[in-house]
Amino acid sequence: MQYIEALTPPTVMAIAFGLMIRTLFRNQGGAGAAREDAAAEAIIHAQRATQD
């Protein structure tokens, strides 16, 4: 039974990691992507303006 105790944490972490990756890929793009891209561009332009 010790092998089950030894394999449980890595198995749970592997499943959680897989679900996290799946969630990240599913949330790429969509309706808010253009708004997020515009916000990122605004931040970049603001940082460049303060450096000049």
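Quick caveat: nothing in here was measured; it's all calculated off a predicted structure. As a basis for the values below, the full set of heavy atoms in this structure was taken, side chains included, without hydrogen atoms, waters or symmetry mates.
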Which donor-acceptor pairs under 3.5 Å do side chains of residues 32-46 form with protein atoms, sequence neighbours excluded?
none

Mind checking who shares a hydrophobic cluster with Phe25, ILVMFWY linked at side-chain heavy-atom distances under 4.5 Å?
->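 Members other than Phe25 - counting any ILVMFWY side chain reachable under 4.5 Å - are Phe17, Met20, Ile21, Leu24.
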Who else is in the cluster with Val12 when I, L, V, M, F, W and Y are joined by side-chain contacts under 4.5 Å?
->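 Noted: Val12 shares its cluster with no other residue.
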Could you pull out the closest heavy-atom pair between Thr11 and Leu7, with the gap in Å?
->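 Heavy atoms of Thr11 and Leu7 come nearest at OG1-O, 2.6 Å.
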Distance (rounded to the nearest 0.5 Å) between Thr50 OG1 and Arg48 CZ |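 Separation between the atoms: 11.0 Å.
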